[in-house]
Structures are given as structure tokens and as C-alpha cells.
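Read through the structure below, which is laid out as C-alpha cells, and then see the notes.
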Amino acid sequence: MAGRLLRRAAGIVATLLVTSLLVFGSVQLAPGDPASFLLGGRSASPSAVAAIKEQYHLNDPFPVQYAKWIGGVVTGDLGRSAQFRQDVAGLIAARLPTTLWLIGYAGLLILVGGLALGALAALRRGVVDRTVLIGTGVATATPSFVAAIGLISLFSVELGWFPAFGNGSGLGGRISHLTLPAAALALTFVGLLARVTRTSMLEELGREHVEVARSRGIPGSDVVRRHVLRNALAPITTVTGTIVAGLLVATSIVETAFGLSGVGQLLVSSVTVKDFPVVQAVSLLVVLAFVGANLVVDLVQPLIDPRPSHPKGGVR
Amino acid sequence: MTPRLLEIENLDVRLTAGRAARPILDGVSLHVGRGEAVGLVGESGSGKSVTCRSVLRLLPEGAEAAGSVRVDGEDVLTMSAARLRDLRRNDVSMIFQDPRASINPLRRIGDFVTEGMRAGGMSRDDALRRAAELLESVGIREPRAALRRYPHEFSGGMLQRVMIAGALAGEPRLLLADEPTTALDVTTQAEVIAILTGLRGERSMGLLFVTHDLELAAAICDRVYVMYAGRIVEAQTAGGLFDRPRHPYTSGLLAATPRLESDRPPRGVPGRPVSLAEAPAGCAFAARCAHARPACTRDVPARREIDGAHVACLRAEELSHD
């Protein structure tokens, strides 16, 4: 057990190192001179350019630049934003709550909607199933910025139920401000989760032990809950983990569309002006979210299926 | 007169859905008395499993049933869904062929054994206490600990014992066993059969035992029904079946059984088994029967009683099978 945890931790560190190298490298290797972007297109004296290059270590060879950056990241120093002239860590920390609220809200909508629709489709074959399939097909194919426009025009402009813009304050204000963004964010992923749930449940519905449970006089709702949905959870959990991590990326579009100042919007505005310390930090955060979500899924999986899995390589 | 424990009368089952439409059972009648062990023997596809499952109204998808299946006089085919659940929980239990596939692999043994009792409203503690007793009665050591274990931690034979314990939880009067030992290896087969017959005797339950093994059925049953292509072709006492099989198919089956004490090699029944859907007019066995006459392919022979045995063969009186 201890050995497995150790291997697992080593794997996570290796993943983070490799991806951090890719993240750092891709921003550095992008066309254009970072110094001129940092100056924001203004003409500057050669001495000012030299000062900028010195501050961002642009004169050092790439490995040295990376080492300095990753050393800073490890100690919590993510660098300074050229755009905002602030510490990146502080910038992200100020915006993270809004983004986390949005992800949490959307995640809840996805989980409830996806499971309910998927279960409904699996249990009511025929018209209901086909309707859900078509509906989720459309939902999955709808880009979140299109959904955002549609939701704003219907619920903000026409009906005036929800605000179209801003973060809101207090719990009630937050929820009302985040409802439309969360719905726009959830739409695509609800369809995905519904389809995975449906497929997984249909597979479990065909199992012999489900028929045996019915033959033992167990009420239908208990059979569905304890034998069908329960056994269908493994793929549902895996997909949910990936969705939650993917939401962090998807927030960039939705936050921009709804004028929310969150991490996603920070990423978009930073990419536009090539504020690379911010882009690097947010990209690393995304990687961290995927690694974290995968870790949680892997830890939860044995609770869902107690049967011993076949470890890769078969070493115990 | 009190009704019989199980009385199946003229049961027809047919699939009605689309192109798969075909008959499966034709006029099946059988009965099981209180505390009686009855065997139902036939090859794969003969309809023996469908007959057995119909007692719990577990019909294949898209199937339609006519006739009646009565448990203590109550027709299973027409009863309400609520009454059916009640019957499945308390009156009739079934033991399935493959315990590994029949028990949810992700839930604990205790969940499986107590599930029916909990659905019936018993408290968790009482149900677990009773489950431990049941596991003990089927010969599982440390039943308390076993309740907390998962199916993959048990062998097939042990898991079939768990299945039997689960079937006994509702104190049924009738036990259905659908090839309960076919998926087990030979040494555990005997143990499971011993447990099954022992508990049946103790609790004086009726048993409908479905198998393809005529010898096994005769060893543990009072009476045996032989099925061929969706019809019952012969019914008589286990002893009578061996001493004097009346239907050519039964004697064919007996001759096909390999025997240790005889040097004579087993003789197979020529041809291949047919299902009811592909059976020609008349006696379904006629094409494989050495004694067939032109009349055999005209009408389906009716079941008649000859010296206490029931047989559906036109020539049953003339032929003396040995």
C-alpha cells in the first residue's frame, strides 16, 4: 500500500514536471519577442528594454529561465503580471473564488441533470429515450458561447429573471449572478454525462443479477438504485472527474461572455496581450486540476468496485 | 380439496415480438405437491427453464403466456405486481445456474442475503442475525464475517451456498432450482446437492428441480417430467422411469448415459434436438424416433395414463422400452 502511494506520488510529480516544461516552453517559443509584448507596443529606450529583459530573465538560456521559473513556482512565486503589474499569485487568488463557485454550480447542474436524464433514457426505452438522445445530442453540440447568448437573450433580456453581467455579492447575489453562466457551462457536459450514464446503465440492466434481484421480489426502484445505478457508477465517476477538470478550461469562454472576473477571463485577457507569466500560471493550474481530479477518481474507484483490479505490470 | 402447491395447466408461451415470433411452450402441465421433489428434465432448448421461470412470471421479453400457473391456487400469471413481489419474497424462491453472475459482485454477501427480508420491512439487525443463521445452515464457516465479505472472495460452490441461503430467507414453500449445479465443478456439485436436499427435507419445501441430467433428477426427486421441444412427453415416478421408460425419447436418454458398471458404450440419440418452433407437425420426436409410424407425424400425441405413468406417445402401449 505504501509502495503504491509512493509510486503514485512520483507519477504525479513527473506529470507536473513534464507539463510545466511544456507550458513554459510553448509560451516562450510562441512567435514574437516577449519583451516587446511586455512593453505593450510602446517604444522604449534600449535601457528600458534591457531592464525588462533583466527582470524577466529573458537573457538567460531557456533551461536557466525554466529553472528560475519553476523554482519560483515551487516557493509560491508565480512571477509578476506585465499587464496588471501585480503578483500573479495574488491575481489568481482574487479571481479563484468566482471561478470555483461557477465550477461548483455547473458541476452540480451537470451531475443532477446528467444522471437524471441518463437514467430516464435507460429506464424508459422508446419515445422518452429517443427524445433524451436527440436533446442531449443538440446540447452537446451547442458551443457554450452560443448557449450564453441564447440564455442571456431569453432569461435576462426577455424575462429579466437573472442578471446578465457581473459577479454579484453575498450568497444570494452570487447564485443569481452565476445561474446563467453555470447553465451555459453545464449544457455541453450534461449531454456527455447523460449519454455515459445511459450506456452504462443499459449495460448493467442486462446483467443476470439484476433479473435475479427482481426474481427475489425486490421493488423496482431498489433494483435500479442498488444494482443498476450502483454498478454503473465506475464509468460515470471517471467521466465526472474529467468534466470537472475540463470545466476550468471552459470557464474562460463563459466568464468572458458574462463579464465575470474569474480565472478563465484572466486567462483570455492575458493571452490577448501575451502576459505570459499569467498564462503559464493558469495553464499550470489547469494541469493541476486534471491531475487532482484523476487522483480523486482513482481513490474513489476501489470504493465503487471492491474487486481487485489488475495493476499494470502485475506487480504487487 | 386444498389446492396443490404448484399446478401448471396447459401453459403456452410464445414470443410475439416481430420476426422473433415463435412458440416456446405448448400445453405444459405439471404439478408439485407440498414437500414433494419433482424433476424437470430435457435437453437445451426444450423449454424446461422457461417452464421453471414462469412460476415466478419471469418470462422472456416480448413473451405471451396462456394457461395457468397456480401457487396454492393463486394464478401467478394474472396476479397484481405487488402480490407478485410478495410471492417472490415469501412463497417461491429460485436458485439460478451461475451464482457468480446471479449475485451482484459489488455488494456484500450480507446485502444479498438480507435484501429480501429488508424489503419485507425487517430491521437491519434482525435481518443480519437471520442471515448469519442461514449462512450457517448452508455450511458457511464464520457466517458473521462472511456477511461482510464480497462475492469475489468466495469459490463458486460457496457462492451457490450463499445463493441457497438467500433463497431460504423468505421461508418459501416452493423452491425452484434451475440447473443449480451445472456451473460448478463435480466435487462441489455433490455438496451443493446434499445441502439442497437436506434443507428441503428439514423445511418440507416443495422442489422443482430443472436439469439435463436424468440420473441426478431421479436420485433426488420423487417424480420426474421429461420435456422435449416445448412439450412434456413423459411423467412418472423416478423409479418407474428407470425401470420402465414409456417414451422412446426417455429410453433414448437413458441409453445415452455412460455407465461405469457396464462395458456397453453409451448410445446417443440420433439426430439433433429441435425447439418447438422448428418442430414439424405431429410428434416432435418422430424424426429421431426408431419406432415412428406415419401416424406419428399427423397429430401431436395426447398425454395418456398407462399404469400410473403419463406419456405422450402413440405407440406407448405396444412398445416396451428397456
Side-chain angles (χ1 to χ4, degrees), chain A residues 115 119 122-129 196-197 199-238 240 297-311 314 316, chain B residues 52-61 76 81-109 111-121 148-154 159 162-163 166-170 172 176 178 183:
Chain A
L115 285 180
L123 297 174
R124 298 264 184 279
R125 308 304 308 278
V127 182
V128 176
D129 183 26
V196 170
T197 304
T199 309
S200 184
M201 280 184 73
L202 280 179
E203 197 181 322
E204 293 302 327
L205 271 170
R207 298 239 187 259
E208 200 176 322
H209 70 77
V210 173
E211 195 196 5
V212 171
R214 290 214 173 92
S215 84
R216 284 157 45 93
I218 312 299
S221 57
D222 287 356
V223 172
V224 168
R225 212 178 57 244
R226 287 208 286 259
H227 298 289
V228 181
L229 194 56
R230 167 73 182 74
N231 289 34
L233 277 183
I236 293 173
T237 312
T238 306
T240 304
V297 167
D298 284 358
L299 292 178
V300 166
Q301 224 47 275
L303 301 178
I304 294 173
D305 190 343
R307 285 173 295 185
S309 56
H310 303 286
R316 292 229 127 207
Chain B
C52 179
R53 284 164 181 248
S54 73
V55 180
L56 285 172
R57 209 160 98 191
L58 289 172
L59 297 169
E61 208 173 318
V76 175
R83 174 69 193 112
L84 180 65
R85 272 201 302 278
D86 210 45
L87 173 106
R88 288 171 171 182
R89 229 169 24 229
N90 300 315
D91 303 322
V92 184
S93 285
M94 184 146 164
I95 297 159
F96 292 81
Q97 183 173 339
D98 182 1
R100 190 78 61 202
S102 304
I103 299 177
N104 188 340
L106 306 190
R107 299 182 64 88
R108 294 176 200 277
I109 295 304
D111 292 331
F112 176 78
V113 181
T114 59
E115 194 168 23
M117 296 186 271
R118 299 279 290 123
R148 302 204 40 82
R149 290 162 67 188
Y150 286 97
H152 69 263
E153 301 172 62
F154 288 80
L159 215 50
V162 170
M163 182 91 210
L168 297 178
L176 308 169
D178 189 0

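All of these numbers come straight from a predicted model, not from anything done at the bench. The analysis underlying the following values was restricted to heavy atoms, covering all of them including side chains, and did not include hydrogens, waters or symmetry mates. In what follows, every chain begins at residue 1, and chains take the letters A, B, ... in the order their sequences are listed.
- The environment of CZ in B/R83 is crowded: more than 12 heavy-atom neighbours from other residues, nucleotides or ligands sit within 6.0 Å.
- Put simply, of B/E153, B/R107, B/R53, B/R57, the one with the most heavy-atom pairs under 4.5 Å next to chain A is B/R107.
- Between the CG atom of A/D222 and the CD atom of B/E115 there is a distance of 7.0 Å, given to the nearest 0.5 Å.
- Between the side chain of B/R89 and the backbone N or O of A/G217 there is at least one donor-acceptor pair closer than 3.5 Å.
- From A/E211, atom CD reaches atom CE of B/M94 across 8.0 Å, with rounding to the nearest 0.5 Å.
- Side chain of B/R88 to backbone of A/R214: a donor-acceptor contact under 3.5 angstrom is found.
- No side-chain heavy atom of B/P105 sits less than 4.5 Å from a side-chain heavy atom of A/D305.
- Heavy-atom distances place the backbone of B/I103, and not its side chain, under 4.5 Å from chain A.
- By the neighbour-count criterion of 12 heavy atoms within 6.0 Å, atom CZ of A/R230 is densely surrounded, having more than that number from other residues, nucleotides or ligands.
- Rounded to the nearest 0.5 angstrom, A/R226 CZ and B/N104 CG are separated by 10.5 Å.
- For a residue to count as touching a neighbouring chain, one of its non-hydrogen atoms must lie under 4.5 Å from one of that chain's; by this rule A/R216 touches chain B with backbone and side chain alike.
- By the 4.5 Å heavy-atom criterion applied to side chains, A/H227 and B/L106 are not counted as neighbours.
- Neither the backbone nor the side chain of B/S93 comes within contact range of chain A; no heavy atom of the residue lies under 4.5 Å from a heavy atom of that chain.
- By the 4.5 Å heavy-atom criterion applied to side chains, A/V212 and B/M163 are counted as neighbours.
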